[in-house]
Every structure is written in C-alpha cells, then in structure tokens.
Amino acid sequence: MSLAAVSRTACRPSSGNLLRRSLHSAARHPAPILLASSHAAVAGSTCPRPSHSHSAPGFYQPQHSAQFHTTTQKASSHAPMSFSDLSTRKKVTINTLRKMYEKGEKITMITAHDFPSGILADQAGIDCILVGDSLAMVGLGMEDTNQISLDDMLHHSRAVARGVRSAFLVADLPMGSYELSPKQALQSSIALVQKGRATSVKIEGGKEIAPTIKAITTMGIPVLAHIGLTPQRQGSLGGFVVQSKTAASASKLLSDALAVQDAGAWGVVLEAVPADVARLVTEALDIPTIGIGAGEGTSGQVLVQIDMLGNFPTGRFLPKFVKKYADVFEVSKKALVEFKDEVKSGQYPAQEHTYPVKEQEVAEFKKIVEHRKPEIDASKERRRSFD
Ligand SMILES: Nc1nc(=O)c2c([nH]1)NC[C@@H]1CN(c3ccc(C(=O)N[C@@H](CCC(=O)O)C(=O)O)cc3)CN21
Ligand SMILES: CC(C)C(=O)C(=O)O
C-alpha cells in the first residue's frame, strides 16, 4: 500500500482504522495532547524540539530539527565535552520509518543507555535508538530486566536524549510501569516522553496488552510492540528460551502480532523466534518487524550496543544471535593498564599534559612556601596526631 493510500485509510472514520492513526495521521495531524509540555514532543515526532536554554554555551546539545543542523557549537573552556557536529542527517521520524518500510529498506536499531552511547549510535547513522531495559543487566549489573524502575529508565533516557540529534528515540516501559491499567501505562508513557525525552515507547506483550497499546497510541504517543521472547516475563516463559517453535505457538505469535498492529503500534520487535516463523509473520503484517534473534526476514534488526561492541569481560554469556563487531572491552582494558603502568613509572603525565608557569612566579612562590613553613609544619603535626 502506498503512503498516501495508508494515510487515506488511516483518516477514514472506521474504528479499526482510527487505531492506526498513531503511525501516520498522528504525526501529521496531531491529536489534542494532554501534556502541558513546553516542547510538543508527543504529537510532534516531526516537530523541532528546542535545545535546552539552561545549557552552558558550547556544550553538546541535542538539536532535534534539520533547521539547527548547520549551527556549530563554539568551543568553550567551560565545556569539557564540547565539539561541533557538522552532521547534516535529517531527523528520523515515524514517517521516515514508514517510508523505509514501504521501500523495503531495512530499519536499524541499537540500544543506548547513556550520553556517550547515544551520541555514538546517532553519529553512526543508526535509524532508531532504543533505551532498552536490557540496561538493567548490561549497564547496571542487575540480575534481570525486572529490577529496573521507571525512574531509572527516565534518568537514562534523558541522558541518551542529550546525545541524540537525528535518530528516532524509543524508550522501554519497564516492568511495573504499565501492567495495572491502560491509564498507568499512559501515565508512564507520558513520563518517558516528557521527562525521558523519548519520541516513542516500547512495551512487551501481545493480545493481552493491545487495549493498553490502543490507549497510548490514541493519545498520540507512538508505540513499538515487543513479542516472542519477552524478557520481563522470563518467569513464566521458563527463562530466556526461543519462542514459537511449534506451528501452534507460531500461530499464537501471529495473533499477537495482528493484535498489536490493530491496536496502532507503528512496529513490533520479534525476539528469539525461528527465522522462518519471523519471515512469515513479517509478510503477514503491514507494519515493520524489528528482529533480534529472528533471522534476516524481518523489516529491521536491533541489537544491544554493549553486546555487539564486545564491551563486557570474556566468559559472560552471549545470546546466539549476537554478532560481536568489536572488542571494546579488551581495547579499553589495554588502555587502562597502560595508564596504570605509565603513572607508576612516571611516564605520564608528560610535559605536554601540564600547565606552564613563569619561572619568576615559581621563584616567588618558593619564597612564600619557605615563609609559611611554621603553618605547614603545624598542619603536618595535627594530621599525624590522627594516626
Ligand atoms: N546482554 C543481553 N543481551 C540481550 O540481547 C538480552 C539481554 N542481555 N537480556 C534480556 C534479553 C534476554 N535475551 C536472550 C538471552 C538468551 C537467549 C538464548 O539464546 N537462549 C538460548 C539458550 C538459553 C540457555 O542456554 O539457557 C535458547 O536456546 O533458548 C535469547 C535471548 C535477549 N536480551
Ligand atoms: C534487546 C532489545 C529489543 C530490548 O528489549 C532491550 O534492550 O531491552
């Protein structure tokens, strides 16, 4: 179906199609939004977001609109993280993603859990950045994803958002933030958009969560669904086990996919399902599937950044579907060991890492130190008397 056709369908006032407004018409004809937000981020996945006025000049700031992209930030001595970004990549919106899907262009998604990993993914040209609750395990060392709170997610999403200029930012609804009612889920989604500065939210679940997805998308917050292996429900799934290996369970997966599509999700993550099943489900849908451990027949792929960068010690379990594109942990460890050795040996810091001072000032200071010797000795004496 062409974009125009989808859009026409979405605008037709039949109840089923109304649900799909989150994908198309929501971005173009924003529904009245309940948020008293200064930035119209919910309705306006396409609207520019102003950069934070309270930020120090020269700091790296998220610039959420193409019109800002030519602005370079001036370096300042008060801005240790300052650098200019000459990137001209246009902002990825829900419409951009739809166009990619319709053209058959694969959608790329990677997780980011903090400011540097957000900048990295954005500058690499990744289409979508996910503040996933895998953060709990790979970023915070928790035992599973169920330990993380909405507040934790908000804190990290905000940090990632500060580094993201172009990519489409999705944040996870963590366990406990959406199950009680569609109202609770909507409230949490609003927080992820308003405080977490995400554009879209991801929610685990199929048919049973469809009314909740409908409640969120109807209010103009784009939802990415997540079915198959849903890590928040590992307790009832019996662990991180591959899903939909039988025709009957694959049929259940299809039902879940259709239900979240009908509820207005703009896309659906398919996790840990056989490639052949994922391909058939993808073909049955009219929204993109983002696969993780679901083969190459999906509309896009997502990986956990820390996994694919190899930023973890050897010996840690890695799911079969992860391809390690780098060995960041080893590279980083080598650098830290080198620092340690150079400090111990006096090789670091070298002349070029130090601040010069006029000889005459040093000579004068030496005299001052001499003059203040009684004060210095008294302090030394007091310190030693603590032992
Ligand atoms: N670091 C990390 N990367 C991830 O992709 C990830 C997480 N953590 N935590 C949450 C979930 C869990 N994930 C997983 C983990 C393992 C398998 C997996 O391959 N399971 C195998 C073996 C399980 C076992 O040996 O116990 C299976 O055949 O089911 C799949 C998805 C994906 N997600
Ligand atoms: C692995 C992706 C899909 C995820 O849900 C996460 O990072 O939490």
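Indexing begins at 1, ligand by ligand and atom by atom, following the structure's order. Along the sequence shown, the residues carry numbers beginning at 1.
- His226 and Glu271 form a side-chain donor-acceptor contact under 3.5 Å, judged by distance and modelled atom types alone.
- Nearest protein heavy-atom contact of atom 1 (C) of ligand 2 is Ile292 CD1, 3.5 Å.
- Proximity of Leu130 to ligand 2, defined as any heavy-atom pair under 4.0 Å, is confined to the side chain (atoms from C-beta onward).
- At a threshold of 4.0 Å, the pair Arg98-Asp286 counts as salt-bridged, since one of the basic side-chain nitrogens sits closer than that to a carboxylate oxygen.
- Nearest protein heavy-atom neighbour of atom 19 (O) of ligand 1: Lys320 N, 3.8 Å.
- For Ser134, no nitrogen or oxygen atom sits less than 3.5 Å from a nitrogen or oxygen atom of ligand 1, counting backbone and side chain alike.
- Considering backbone and side-chain N/O atoms, Ser134 comes within less than 3.5 Å of an N/O atom of ligand 2.
- The shortest contact between atom 24 (C) of ligand 1 and any protein heavy atom is with Phe317 CZ, 4.7 Å.
- Ligand 1 has no nitrogen or oxygen under 3.5 angstrom from a nitrogen or oxygen of Met137.
- Heavy atoms of His226 come nearer than 4.0 angstrom to ligand 2 in at least one pair.
- When only non-hydrogen protein atoms are considered, atom 5 (O) of ligand 2 lies nearest to Lys202 NZ, 2.9 Å.
- Distances from atom 21 (C) of ligand 1 to the heavy atoms of Phe240, Phe321, Phe312 put Phe240 nearest.
- In this structure, Tyr178 and Ile216 have side chains that are not in contact, with every pair of non-hydrogen atoms separated by 4.5 Å or more.
- The heavy atom nearest to atom 3 (N) of ligand 1, considering only Asp307, Val322, Leu237, is found in Asp307.
- The proximity of Asp172 to ligand 2, defined as any non-hydrogen pair under 4.0 Å, is limited to the side chain.
- Backbone and side-chain nitrogen or oxygen atoms of Thr145 are examined, and none is located within less than 3.5 angstrom of a nitrogen or oxygen of ligand 1.
- By the 4.0 Å heavy-atom criterion, Gln234 is excluded from the residues contacting ligand 1.
- Contacts between Asp133 and ligand 2, counted as non-hydrogen atom pairs separated by less than 4.0 Å, involve both the backbone and the side chain.
- Residue contact annotation: Met109 has no non-hydrogen atom under 4.0 Å from ligand 2.
- Remark: among candidates Lys245, Gln243, Glu271, the nearest residue to atom 33 (N) of ligand 1 is Glu271, based on non-hydrogen atoms.
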